[in-house]
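Quick caveat, the model's predicted, so the values are computed rather than measured.
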Amino acid sequence: MRKFILACLIGTACATFAAPPVFNVKTPNWSKIAISTTNGLNVRKSPSTTAPRLMYDEMNIEAYDLPVIYSAKWVAKPTRYMVAITFDSPMPIVSEKDGWFEVLNCGPSYKENGWISGKFAKAVDYQPMSVSNNPNSRYAWIDRGDDGTYMIDLEFDEMNGEATFHVGRLVNGVVVSPYVLYCPFVNYDNTKKPSLGRVNGEYEFTYNKTVSSDDYEYDPLASKLSKELLDEVIKNAVPADIDRIYFMYNGDIYTTN
């Protein structure tokens with residue numbers, strides 16, 4: 001079974017058991033994001049051109065269905081088959097030092113921060129997200145009254161036949177997503193309504209063309225699911241290994257993994 005490992009937010013507070021109807025998230029402690037101004041920008045363990053680089057061994061990849069960053073390490077002396085993982089902007093800036101940017105979760109497995117040179121990157125403001133300026137019908141927005149606005153993102157993996165719901169909450173212009181519902185069984189069936197079920201103790205997601213992308217029927221969109229189904233997702237979601245953050249820049253929504 002594919003294991004989904006989500007990106008971390010320092011200081012996020014959430015329950016350590018099944019997702020309750022109400023959960024709290026803290027505002028990220030950053031206000032800028034980094035944009036690369038060159039190709040092939042190295043990620044370093046510390047703010048120095050001599051610090052170990054973020055790299056992976058192409059002969060020893062952890063899992064071929066995961067990004068190579070899950071096989072990455074900090075490498076001081078690369079061997080023959082080591083390949084650098086370069087900075088893929090934009091990403092939040094945690095701190096600055098001596099002309100370097102400390103970038104959130106761009107290190108191994110999205111669990112460590114990394115450093116990039118400010119000579120080849122720039123710091124810019126991110127655009128606060130809201131329901132009204134959501135540019136992508138992929139996301140479902142849910143008003144839960146005093147508990148705030150939730151956003152659900154549905155990731156569909158057709159190759160592996162899996163679906164993952166990320167459950168987050170809008171806070172000060174970004175969405176912090178500390179919960180996830182993983183469905184290792186996916187069933188496309190135009191004779192049934194979209195629903196959640198259980199198969200051998202695991203979740204099964206059934207959908208049809210009514211909730212599919214206009215461009216591709218095998219690409220279900222969270223925004224087209226019923227409120228009842230989305231509420232069921234929220235009710236059954238569990239804490240993620242690490243949290244995911246969604247933020248907006250230049251009219252598009254990005255995530256920290």
Side-chain angles (χ1 to χ4, degrees), residues 1-9 12-25 62-67 70 109-111 136-144 147-170 175-213 216-246 253 255-257:
M1 180 187 302
R2 181 178 178 181
K3 183 178 180 183
F4 284 84
I5 305 177
L6 309 182
C8 172
L9 171 67
T12 295
C14 66
T16 57
F17 42 85
V22 178
F23 67 88
N24 297 316
V25 294
E62 181 175 320
Y64 285 96
D65 62 344
L66 293 176
Y70 288 102
S109 299
Y110 296 118
K111 290 185 176 182
N136 196 324
S137 61
R138 165 182 167 181
Y139 308 105
W141 296 87
I142 303 172
D143 183 359
R144 295 182 66 85
D147 192 30
T149 300
Y150 282 39
M151 187 188 85
I152 294 180
D153 178 17
L154 171 58
E155 287 189 334
F156 183 64
D157 184 344
E158 183 183 1
M159 179 178 295
N160 293 298
E162 302 165 341
T164 304
F165 293 89
H166 301 279
V167 181
R169 180 179 164 187
L170 182 66
V175 170
V176 182
S177 180
Y179 290 104
V180 64
L181 180 67
Y182 171 58
C183 302
F185 301 103
V186 176
N187 180 32
Y188 180 82
D189 190 341
N190 279 322
T191 68
K192 297 181 179 180
K193 292 182 179 180
S195 64
L196 283 179
R198 299 298 287 267
V199 176
N200 297 326
E202 302 284 357
Y203 284 98
E204 178 184 50
F205 172 52
T206 297
Y207 74 103
N208 59 39
K209 63 182 179 181
T210 66
V211 297
S212 298
S213 166
Y216 187 45
E217 66 178 5
Y218 294 105
D219 183 19
L221 302 176
S223 62
K224 293 188 176 184
L225 297 174
S226 68
K227 183 180 183 301
E228 291 73 21
L229 179 52
L230 294 173
D231 283 340
E232 191 173 355
V233 169
I234 294 172
K235 178 182 178 181
N236 291 284
V238 298
D241 289 343
I242 43 180
D243 302 342
R244 169 178 283 195
I245 303 171
Y246 295 79
I253 293 178
T255 69
T256 50
N257 71 310

Is there a side-chain contact between S223 and Y139, using heavy atoms and a 4.5 Å cut-off?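 Side-chain contact under 4.5 Å: no.
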
Does [Y] offer a backbone N or O that forms a donor-acceptor pair with the side chain of [X] under 3.5 Å?
| X | Y | answer |
| --- | --- | --- |
| T149 | L170 | no |
| S177 | V167 | yes |
| K224 | T210 | no |

To the nearest 0.5 angstrom, please state how far the OG1 atom of T164 sits from the CZ atom of F156. 10.5 Å

Say you draw a straight line from CG of L225 to CG of L230; how long is it, rounded to the nearest 0.5 Å?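 It comes to 5.0 Å.
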
Applying salt bridge (charged side-chain N to carboxylate O under 4.0 Å, His left out), can you list everything that pairs with D231, at least two apart in sequence or on another chain? R144, K227

Please name all residues satisfying side chain to side chain donor-acceptor pair (under 3.5 Å) with [X], sequence neighbours left out, ordered by chain then number.
| X | answer |
| --- | --- |
| E232 | none |
| E158 | Y216 |
| D219 | none |
| D153 | R138, Y246 |

May I have all residue pairs that pass salt bridge (charged side-chain N to carboxylate O under 4.0 Å, His left out) and include part of residues 187-200, sequence neighbours excluded? none

Using side-chain contact (heavy atoms from CB on, under 4.5 Å) as the criterion, list what pairs up with N190, not counting sequence neighbours. Y188, N208, K209

Checking F185 now: which residues fulfil side-chain contact (heavy atoms from CB on, under 4.5 Å) with it, not counting sequence neighbours?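 V199, E202, E204.
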
Residues in ring pair (Phe, Tyr, Trp, His ring centres under 6.0 Å) with F205, at least two apart? F165, Y207

